[in-house]
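Letters A, B, ... are given to chains in the order of the sequence lines, protein chains preceding strands, and every chain is numbered from 1.
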Amino acid sequence: MDENNIRVRFAPSPTGYLHVGGLRTALYNYLFAKHNNGKIVLRIEDTDRNRYVEGAVENLIDSLSWAGIKFDEGPVQGGNFGPYYQSERLTIYREHVNKLINDGKAYYCFCTPERLKNLREEQQRLKLPQAKYDKHCLHLSPQEINKNLETKKSHVVRLNVKPGEKVFVHDVVRGKVEFNTDNIDDQILLKSDGFPTYHLANVVDDHLMKISHVIRGEEWLSSTPKHILLYNYFNWNLPVFAHLPLLLNPDKSKLSKRQGDVAVEDYRAKGYLKEALINFVALLGWNAGDDKEFYEMDELIEKFTLERVNKAGAVFNIEKLNWLNGEHIRRKSVDELLPVLKNELSKSKFKGKQFSDNYLKLVLKSMQERITFIKDIITNSSYFFEPPSSYDEKTVKKRWKDDSEILLSKFLNEIEGLENPSKEDFEITLKSIVEKENVGLGRLIHPLRLALSGVGQGPGIFDLIFILGKEESVSRIKTALKTIPGISKSLKNN
RNA sequence: GGCGCGUUCGUCUAGUGGCUUAGGACGCCGCCCUCUCAAGGCGGAGAUCACGGGUUCGAAUCCCGUACGCGCUACCA
């Protein structure tokens, strides 16, 4: 096949938000298209008026573009195969359905919902192997049909499935799958409100939009024979099908809202980097065949093939996503991370405070390898943004010794005299004191960290004091000298 | 119920008949590094490859059956 004719699509229905499973489907389509120099189109499947949610399309597009999935054609960028909203293509479906009716491949059905309900119940009571429409309206006379049509009797159009035939689906990930038309219902193609069902709209649009590969979730595999029947009835060439394994909850059921976050926007709000989410979701059902776990989008594009997509569903394991998020943070430059931190800060209690870019970059550099989320910097090391309001008791107990007060006072004295000290100046000063006093480094370092940060862990002490600066450090040490000895004493008495 | 798909460490996975005492990653545990916490390095525990039959000199890999899980079974997508 000519590489340039490769066209795929992501066709979500606007029911609220972008599901992570949807993101994975969109990603695989995108990777496949880019890998093959093809095109990817975004098509909005808004044929169900009952499920329409205001703002859902904007939300979908927003999440997709945040994730870095760019479309060649779609509602935003347009294209030669539009419109890209199915709700704007009603006459197209109507024309195609009429063609099918004229050819005897589809037929009008005037059955009421009540009759259908009774039919189903009857079939169930008789324990029939499969419940399907009884083709009642297929046998209506032309006169009856015309009369019904003229009196505007509510109706749908159904696919006329010939029983006793075999339909084969050739799926890239699953191989050959066989179906018997005895098990295929006379699917409704056009609803009574004039809108098409998924099956009709999907096939017509995929053909008209020259889609070469249909890459979608496994939940569609069972209805693929219906689609193949439609392609055959229209005398159209089949696209290549690839059905992706499902994303699962920890209990192996289909990933759902009840058991955690499923919306891409939720992960975005929680502070996950798009690179991490993409990396993670790409590996859920695909791998390059080697041991590589860390991927950027361009490497994914380079390596991705449909042949290496797995068959079995994959549990969405948040632990690995978290690790990947930290991994991506570690590999980014502080310049890339700066806007993320600023954004988190603007949502935090420090939103009114001003910090220079230079200061924030130093903070980032010192914290980068200690965090899973950028916002961890704010929650785990608030001391970069405000002086400690308390001192961790455990650390006081463990690190504040009898000589801490004297050592720290001496250190304070020394640095007060320093002119514009560098990180090395602080280091030299501290080392000279412990040497003179003939104690271990930790004897001063730990109390100092406690005084500066209020906690027992964090970046290297010289990074910490340098980032905070002489003035701020002096002030914090003074406060600590006034309060920690008292705390230490009362802790010892308990 | 019917139809379809699936089943390798807790999880994501490598593996396409001999290279496999089934490899990697996350998580967990330990050691090293070290001013703390991380990161990093090293190591450990963890899978009778769902089960049962075959085919074969040889099977996680091929075939059959069973079990279990999941999907579909709407005028939803």
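A/Lys292 contributes no side-chain N or O that forms a donor-acceptor pair with the base of B/A25 under 3.5 Å.
A/Arg125 has no carboxylate O lying under 4.0 Å from a charged side-chain N of A/Glu121, or vice versa, which leaves the two without a salt bridge. Using a 4.0 Å cut-off between charged nitrogen and carboxylate oxygen, A/Lys135 and A/Asp186 count as a salt-bridge pair. Ion pairing between a basic and an acidic side chain is recognised when a charged N comes within 4.0 Å of a carboxylate O; A/Glu275 and A/Arg331 show no such pairing.
At a threshold of 4.0 angstrom between heavy atoms, the contacts of A/Pro12 with the nucleic acid are absent. Using a 4.0 Å heavy-atom criterion, one finds that A/Phe280 contacts no nucleic acid atom at all. A/Asn310 comes within contact range of the sugar-phosphate backbone alone, with a heavy-atom separation under 4.0 Å but no base atom that close. Using a 4.0 Å heavy-atom criterion, one finds that A/Gln124 contacts no nucleic acid atom at all. Note on A/Val315: only backbone sugar-phosphate atoms sit closer than 4.0 angstrom, heavy atoms only; bases stay farther off. Base engagement by A/Ser192 is indicated by at least one non-hydrogen atom pair under 4.0 Å involving a base atom. Within 4.0 Å (heavy atoms only), A/Gly285 reaches sugar-phosphate atoms of the nucleic acid but no base atom. Within 4.0 Å of A/Arg174, counting heavy atoms only, lie sugar-phosphate atoms of the nucleic acid but no base atom. Counting any heavy atom pair closer than 4.0 Å across all strands shown, A/Thr15 reaches no nucleic acid atom. The residue A/Leu284 sits close only to the backbone: its heavy atoms come under 4.0 Å of sugar-phosphate atoms, none of a base. Using a 4.0 Å heavy-atom cutoff across all strands shown, A/Arg308 reaches sugar-phosphate atoms only and no base atom. Note on A/Gly442: nothing from the nucleic acid sits closer than 4.0 angstrom, heavy atoms only. Among the atoms of the strands shown, base atoms are found under 4.0 Å from some heavy atom of A/Glu293.
B/U55 sits 16 Å from B/A60 when the C1' atoms are compared, rounded to a whole Å. Using atom C1' as the reference point in both B/G24 and B/U36, the two lie 32 Å apart (nearest Å). Atom name C1', nucleotides B/A14 and B/U8: the rounded distance is 10 Å, in whole Å. Look at the P atom in both B/C49 and B/A39: the space between them is 34 Å, to the nearest Å.
Which of B/A38, B/A25, B/C3 sits closest to the side chain of A/Arg370 comes down to B/A38. Closest contact between the side chain of A/Leu221 and the listed nucleotides B/C5, B/C76, B/G2 involves B/C5. Listed nucleotides B/C35, B/U13, B/G6 differ in distance to A/Ala314; the shortest reach to its side chain belongs to B/U13. Set against B/U36, B/C35, B/C75, the side chain of A/Lys191 has B/C75 as its closest nucleotide. Distance from the side chain of A/Phe462 is smallest for B/C35 among the nucleotides B/G6, B/C35, B/C72. Taking every side-chain heavy atom of A/Asn183 into account, B/G2 is the closest of B/G2, B/G71, B/C26. The side chain of A/Arg120 lies closest to B/C75, out of B/C75, B/A14, B/C3. You'll find that the side chain of A/Glu369 is closest to B/A38, out of B/A74, B/A38, B/C76. Distance from the side chain of A/Phe179 is smallest to B/C3 among B/C3, B/C5, B/A25.
The shortest distance between the side-chain N/O atoms of A/Lys132 and the OP1/OP2 oxygens of B/C3 is not below 4.0 Å. For the OP1/OP2 pair of B/C26 and a distance below 4.0 Å, the side-chain nitrogens and oxygens of A/Asn317 include no atom meeting the criterion. OP1 or OP2 of B/C72 has at least one side-chain nitrogen or oxygen of A/Lys254 nearer than 4.0 Å.
Separation of the A/Phe316 and A/Tyr267 ring centroids falls under the 6.0 Å cut-off. Taking the six-membered ring for Trp, A/Trp220 and A/Phe241 have ring centres at least 6.0 Å apart.
A/Lys176 contributes atom NZ, which lies 13.5 Å from atom CG of A/Asp171 (distance to the nearest 0.5 angstrom).
At a threshold of 4.5 Å between non-hydrogen side-chain atoms, the residues A/His328 and A/Phe294 count as touching.
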